[in-house]
Amino acid sequence: MFTGYFFFIIQILLFSAIYVVAARFGLSLSPISTFATYVWIPTGLSLVLLYLFGFRFWPAIALGALVANFFTGAPFVTALGIAFGNTMEAVLGAYFLQRGGFRSSLNRLRDVVLLLFVAAGVSTIISATIGVGTLVLTNVITSSVFLHTWVAWWLGDMLSDLIIASLFFVWVSKPSLKLDRKEIFEGGILAICLCFISFIMFRGLFGMVPQGSPIAYLIFPFLLWIAVRFGQRGTVTAVFVVSAIALWGTLDGFGPFVQQTVSQSLLFVQGFVSVSAIMSMILSSVVSERKELEERKDDFISMASHELKTPVTSMKLYTQLLQKEFAAQGNTRAQTIFSKFNGQIDRLNGLISDLLDISRITAGKLAFREGMFDITAVVKEIVTSLAASEVHHTIQVKGQIKGLVYGDSDRIGQVFINLLTNAIKYSPDSKKIIVRLRKQKKTVVVSVQDFGIGISKEQRERIFDRFYQAANAHEGTYPGLGIGLYIASQIIKRHRGRISVESIEGKGSTFTFTLPQAD
Ligand code: ADP
């Protein structure tokens, strides 16, 4: 109990010390009316402290603010008033974030908007108003500089919530980072480019850019790239780095924001930094939200197809058992019904397998059992077995391919079955389907031609996309999930082949895939 209390006091003192150091740093950078500055790190730190670790830490902020202002030369009463304002700012900011259901990962647009408006925008008004009000009331400054001082105070606090708080929120809430090799490479290159451009623009590196050139916007493409590819962690870190370099350069008299006085320069550079931060954080949250939804959808498909697989497999077993029993009893009517039932279960199984394949492709886990095989034999076998149950269409096979192909014969068979069943499904009013096999230099070419409904140009561009069904299928005329061609294209791609379609609406379509010939 006593140790816990002692430990708590140590934590309070420690944070107060950090607060004082951060505050003194800010006040050393050209303050307005001695006590207000455009660079005020403590606000962001205080918000994170109260929001992530609890409101009981408020005394640390009060103590830190009191000491920092007292040592800057404020009378004790004035320092007390300022400390009150700074503490209220953090308490109310953290309270409203909590009430708004804020998540510190900043992964949703809602979180960024809460941080921007509630914490950075509104809670900072409290501190600026109480702080500058106290300075005027205790005659430390005159009321004529109220507005000027207030703006600097508010802007400094707001930026701190935007840049410092977001940096700590995002990193403290989820410190582990998983990046694959490609992402590390891309991130490294981007980080180097970002620092390089920042140094050229804001620190006058190599004197490449004439002093005062308005080229600060060159940083935007890099910030946007990071926001799209590297989530909120990449974004807040990049914004922090750019801000630090921009500030450092501007204070030393470099870059596009340098004005006649340091405080004017700071006003301009901080304006630029806040716009960059707002823009990149909003973009990153929108992209993260979309990615998360996609992931959830993929997880759902994977889970649903796995869950469906087991009961359907059992159903299949039971129907086969019953079919055998009815056969033994000589009950032909029940047998016919059960064989139809079986057929429907097979269809269901096919759909579930497709969904499972989709999840495997998304997870990069579609497995192949590769070897040499005779593609002509595979094609002919499939045509024979489909033709046996197909009464409305005749399937002609033209040509043949000598030599073997290297790949997964089952998966290539799956692609061919898909093209053939589509040809049947989408040509209800014509009879003929032609399968062509030929060799072209070092590739084998398989095509399936039907004389059915055809596909319009706009639809042709999208039919290999996941979950895409052309308009006519949407109206419910043709059943399907719109995933067969996507799976087919992925399988062919993995075999280093190509799949394409030619079609005339109302006249029919020809789907063609190629595979490299084995040496
Ligand atoms: P589906 O399960 O809907 O058939 P696919 O991915 O196999 O899914 O096909 C995607 C869409 O491409 C279909 O919805 C259909 O509109 C169109 N399509 C595919 N094959 C043909 C074809 N032979 N003729 C006309 N349209 C086709």
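For ligands, and for the atoms within them, numbers begin at 1 and follow the listed sequence. All figures in this text were calculated on a predicted structure; none of them were measured in a lab.
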**Student:** Is it true that Glu294 and Lys291 have a side-chain N and a carboxylate O under 4.0 angstrom from each other?
**Tutor:**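 No.
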
**Student:** Pick, from Val448, Asn422, Ile463, the option with the minimum heavy-atom distance to atom 7 (O) of ligand 1.
**Tutor:**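 Comparing heavy atoms across Val448, Asn422, Ile463, the nearest one to atom 7 (O) of ligand 1 lies in Asn422.
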
**Student:** Heavy atom under 4.0 Å from ligand 1: found in Lys425's side chain, backbone, both, or neither?
**Tutor:**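 Looking at Lys425 and ligand 1, just side chain atoms fall under 4.0 Å.
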
**Student:** Does any donor atom in the side chain of Gln414 or Asp357 lie under 3.5 Å from an acceptor atom in the other side chain?
**Tutor:**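 Distance-only check passes for Gln414 and Asp357.
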
**Student:** Is there a polar contact, in the sense of an N or O pair closer than 3.5 Å, between Ile453 and ligand 1?
**Tutor:**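 In this structure, Ile453 places no N or O atom under 3.5 Å from an N or O of ligand 1.
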
**Student:** Distance-only, no hydrogens or angles: does the Ser302 side chain make a donor-acceptor pair with backbone N or O of Asp298 under 3.5 Å?
**Tutor:**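 It does not hold such a pair.
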
**Student:** Can you list the ligand 1 atoms lying under 4.0 Å from a non-hydrogen atom of Gly454?
**Tutor:**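 Near Gly454, meaning under 4.0 Å from one of its heavy atoms, ligand 1 has 25 (C).
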
**Student:** Output the list of atoms in ligand 1 that are nearer than 4.0 Å to some heavy atom of Ile483, sorted by atom number.
**Tutor:**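 Ligand 1 atoms under the 4.0 Å threshold to Ile483: 6 (O), 8 (O).
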
**Student:** Is there a polar contact, in the sense of an N or O pair closer than 3.5 Å, between Leu481 and ligand 1?
**Tutor:**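 Yes, at least one N or O pair falls under 3.5 Å.
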
**Student:** Can you check whether Ser105 reaches Phe169 side chain to side chain, under 4.5 Å on heavy atoms?
**Tutor:**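 No, their side chains stay 4.5 Å or more apart.
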
**Student:** Does the N or O separation between Gly482 and ligand 1 drop below 3.5 Å for any pair?
**Tutor:**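 Between Gly482 and ligand 1, an N or O pair is found under 3.5 Å apart.
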
**Student:** Would a distance-only check, ignoring hydrogens and angles, find a side-chain to backbone donor-acceptor pair under 3.5 Å from Gln517 to Leu404?
**Tutor:**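 A pair under 3.5 Å: yes.
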
**Student:** Counting only heavy atoms closer than 4.0 Å, does ligand 1 sit against the backbone of Phe511, its side chain, both, or neither?
**Tutor:**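 Side chain only.
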
**Student:** Determine, considering heavy atoms only, which of Phe451, Tyr486, Tyr426, Tyr468 sits nearest to atom 4 (O) of ligand 1.
**Tutor:**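 Selected option, by shortest heavy-atom distance: Tyr426.
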
**Student:** Taking 4.0 Å as the limit for heavy-atom contacts, which would you say applies to Asn418 with ligand 1: side chain only, backbone only, both, or neither?
**Tutor:**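 The answer is the side chain.
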
**Student:** Is the shortest heavy-atom distance from the side chain of Arg436 to the side chain of Thr512 under 4.5 Å?
**Tutor:**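 Counting from C-beta outward, Arg436 and Thr512 never come under 4.5 Å.
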
**Student:** Quick one: look at Asp450 and ligand 1, take heavy-atom pairs under 4.0 Å, and tell me if it's side chain, backbone, both or neither.
**Tutor:**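 Within the 4.0 Å criterion, Asp450 contacts ligand 1 through side-chain atoms alone.
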
**Student:** Please determine whether a side-chain nitrogen of the Lys or Arg among Glu458 and Arg462 lies less than 4.0 Å from a carboxylate oxygen of the Asp or Glu.
**Tutor:**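 Arg462 and Glu458: not salt-bridged.
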
**Student:** Please work out whether any backbone atom (N, CA, C, O) or any side-chain heavy atom from C-beta onward of Leu485 is under 4.0 Å from ligand 1, and answer side chain, backbone, both or neither.
**Tutor:**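 For Leu485, the contact with ligand 1 is made by both the backbone and the side chain.
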
**Student:** Any side-chain donor-acceptor pair under 3.5 Å between Asn107 and Glu292?
**Tutor:**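 Checked: Asn107/Glu292 side chains show no N/O donor-acceptor pair below 3.5 Å.
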
